[in-house]
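Within every chain, numbering begins at 1; the chains are lettered A, B, ... in the order of the sequence lines, protein sequences first and strands thereafter.
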2 protein chains.
Amino acid sequence: MADLTLEDIAKQAGVSRSTVSRVVNNHPNVRGKVRQRVLQVIEDTGFHPNAAARTLASQRSWTIGLLLPHSVSFFFTDPYYPHLTKGIAQACNQYNYTLALFLVGTKEDEEKIFPRVSRKGLLDGVIVQAGHHGDQEIIGHLVDAAMPLVVAGRPFRSDNVSYVDIDNVNAAASAVSHLVRLGYQRIGTITGPANSTVGLDRKEGYVKTLKERGRSVDDSLIAEGDFTEAGGYYAMQKLLPARPDAVFAASDIMAIGAMRAAREAGLNIPDDVAFVGFDDLPIATLSNIQLTTIRQPVIQFGVKAVELLIDQIETGNTTPRRVILDTELVIRESCGASRRK
Amino acid sequence: MADLTLEDIAKQAGVSRSTVSRVVNNHPNVRGKVRQRVLQVIEDTGFHPNAAARTLASQRSWTIGLLLPHSVSFFFTDPYYPHLTKGIAQACNQYNYTLALFLVGTKEDEEKIFPRVSRKGLLDGVIVQAGHHGDQEIIGHLVDAAMPLVVAGRPFRSDNVSYVDIDNVNAAASAVSHLVRLGYQRIGTITGPANSTVGLDRKEGYVKTLKERGRSVDDSLIAEGDFTEAGGYYAMQKLLPARPDAVFAASDIMAIGAMRAAREAGLNIPDDVAFVGFDDLPIATLSNIQLTTIRQPVIQFGVKAVELLIDQIETGNTTPRRVILDTELVIRESCGASRRK
DNA sequence: TCGTAGATTGGGAGCGCTCCCAGTATTAAT
DNA sequence: ATTAATACTGGGAGCGCTCCCAATCTACGA
């Protein structure tokens, strides 16, 4: 199982390098008999074309990068990202692409990773998880390098890039509407960071809904979180004095933190305070009180991003496209729906 | 910012391709002045050598693969793996390697991924997360292909491969000893799968400790889980009839499931049943009762794996090596230590 | 049977880099 | 100033593949 080359296979099959290349790449114009013979030799020898040589000659690496900027350094504290990664990996397998993962941990990493991501001969395209102000730089970088690019999440400047997202405003609105419908009077919210589009959009959905329902928007019922459990916990503590009877948290993990704070304050869920989260990741059903939440199709999200990217790579069409996926309100216990109707 | 080549830079700097190559690769034997000049041109033009060409010529890709076999399909249900991935990614950044992620979801994926992982010109080496019976095949594959390899976790047949692990037997023993020390009489355990080395080893630590302390080992106090929250939940339900007063769960996530089951059964934690988990991931402190657990250095684990691998790649020394990292018992509330002493 | 369009096939010319070797410049010692 | 080391530098020969084009076959109709 030494290092075989096309030429070796060609010799063994009694054909030329070119013919072997054709059968490997499934080109037409190879006689059936010849194709069989070559295929046989390839199978017998366990030959696989050298990836680097192929990339150099064809200018296609068949690998895409997934870039997780510094802004998602709480990356592995919110299970959302691993799930997204899984969806992307899955799609890569399906389309026979290799996935390169770039996790930006520190500022120094950033400098090392920037050039590597845009370097020729490594990646055919990249998916970047974005939506924070800080992400604009890397996006600009990639656009300048004419690297096929799809953004996961809506970036702040979205005019010239393709992205996949959900309708965060309306999804949040449906969560808050649900709470209004259940008769809660003092509905609070724990938002995502104000320097992120997700954070802003979900908050907008909250504000919009209250206004539409003729409610006033009370700042003491709004606290900013950072998509961590601890962030949710502290935000809830800030909300507590305002005595909310329901809280919409912009992520499940923050909802869990918030519920912890509520319980510690001696409050009963959902009787004293109801909660609705966002994401519907497995953790939503993991706590002793099942979380009502907005389900977003995370895996689909990843798959779509890959599909958009591959289309861009293979057709060369870089017209910005956007895909907005549907969400769904999943009613469980934490909103108190069962006992209120 | 078109596609520049060494030759282009050479021309602009008035030197030869070879000289540019030398400065790019930091070789000695380039006059200081010349080096400066070339560096300047490189900076001005934003040149980065083509990765594929470099790989083809040098037979080194500077990328390593992380392979997560099918056996870890609950991959993103146990936060352990994302953390491991993070450690690995971090080390890759540090050593200037690119990380390729291979997530085996389905059996079909496996067939697509096998050749890709061992194909020449793509990876310099691979880290495979292993420890299940099913993982032997891919390991054999990789060994046959003479691919530098490090296993994360102890594989079943560990004689001819390098791996990183913790001392699961003793770590588990220290958890159980702690429970014994606190005076619990009916200590149960929720093990990992019996077809995994981790599952087996941690159970062995449990059994060993009880025997050393002159306790009998009661099968009705042992239930097998699968490292998921649901698995822990069901395992606990099986344990309940045996009336354990303490339970050692082989992972935090299973401990959380188990505690949910206990609470549903009306039991108080830790007064009626105490719990010790394993991992000390962020979730350990996320529930309303803080989990006593065994801390394992997950990030370190990833870093070590990368270091072993890179050493193997760069020195060519494939003598199997093993690194066993230390663990630590972290005492919090769930074991009831505070109220029992 | 012959000619020809169309199907196959082979080989050359790179892709952009590294590595080796031979040549040239530089330095230090005489 | 001369010579022998020593320090640099340039260019050729690939790495293993794809792609193009020219050459060879094949099959079919006249």
Given atom CG of D3(A) and atom P of dG14(D), what is their separation to the nearest angstrom? 18 Å

Can you tell me which nucleotide in dC8(D), dC15(C), dC19(D) comes closest to the side chain of R17(A)? dC19(D)

Nucleotide dA13(C), atom C1' - distance to CG of L56(A) in whole Å: 13 Å

One should read off an interatomic distance between D165(B) CG and L325(B) CG, to the nearest 0.5 angstrom, of 8.5 Å

Check the orientation of F156(A) and H133(A). Use parallel for under 30°, tilted for 30 to 60°, and perpendicular for over 60°. parallel

Of H27(A) and R31(A), the one whose closest DNA chain D nucleotide lies more 5': H27(A)

Would you mind reading off the distance between L4(A) atom CG and dC15(D) atom C1', rounded to a whole angstrom? 15 Å

Can you check whether N25(B) has a side-chain N or O nearer than 4.0 Å to OP1 or OP2 of dT18(C)? yes

Whole-Å gap separating C1' (dT9(D)) and CD (E7(B)): 14 Å

Tested for side-chain contact (heavy atoms from CB on, under 4.5 Å) against V20(B), the lone hit among L39(B), T5(B), V38(B) is V38(B)

Under-4.0 Å salt bridge between E307(A) and R321(A): no

Just how far, in rounded Å, is C1' of dT26(D) from NZ of K33(A)? 14 Å

Any R54(B) side-chain N or O less than 4.0 Å from OP1/OP2 of dT18(C): yes

Worked check of salt bridge (charged side-chain N to carboxylate O under 4.0 Å, His left out) between K107(A) and D109(A): CA-CA 5 Å; K107(A) 269 289 164 196; D109(A) 282 356; over 6 Å; no

Starting at NE2 of H48(A) and ending at P of dC17(D), how long is that distance when rounded to a whole Å? 12 Å

CG of L122(A) versus C1' of dG16(C): gap in Å, rounded? 15 Å

Base, sugar-phosphate, or nothing: which does S18(B) touch, judged by heavy atoms less than 4.0 Å apart? base

In whole Å, I'd like the distance from the CD1 atom of I9(A) to the C1' atom of dG10(C). 17 Å

Checking all strands, does V24(A) fall into the base, sugar-phosphate, or nothing category for heavy-atom contacts under 4.0 angstrom? nothing

Assign each of G14(A) and S58(B) the nucleotide of DNA chain C bearing its closest heavy atom; nearer the 5' end lies the nucleotide of G14(A)

Among the candidates dC17(C), dT9(C), dG16(D), find the nucleotide nearest to the side-chain atoms of R22(A). dT9(C)

Just to be sure I understand the rule, does N29(A) reach a base, reach only the sugar-phosphate, or reach nothing, if contact means heavy atoms closer than 4.0 Å? base

Think T19(B) has a side-chain N or O under 4.0 angstrom from the OP1 or OP2 of dG10(D)? yes

Taking for V34(B) and for A53(A) the nucleotide of DNA chain D with the nearest heavy atom, the one nearer the 5' end belongs to V34(B)

If only side-chain N and O atoms of S16(A) are considered, is one of them under 4.0 Å from the OP1 or OP2 phosphate oxygen of dG10(C)? yes

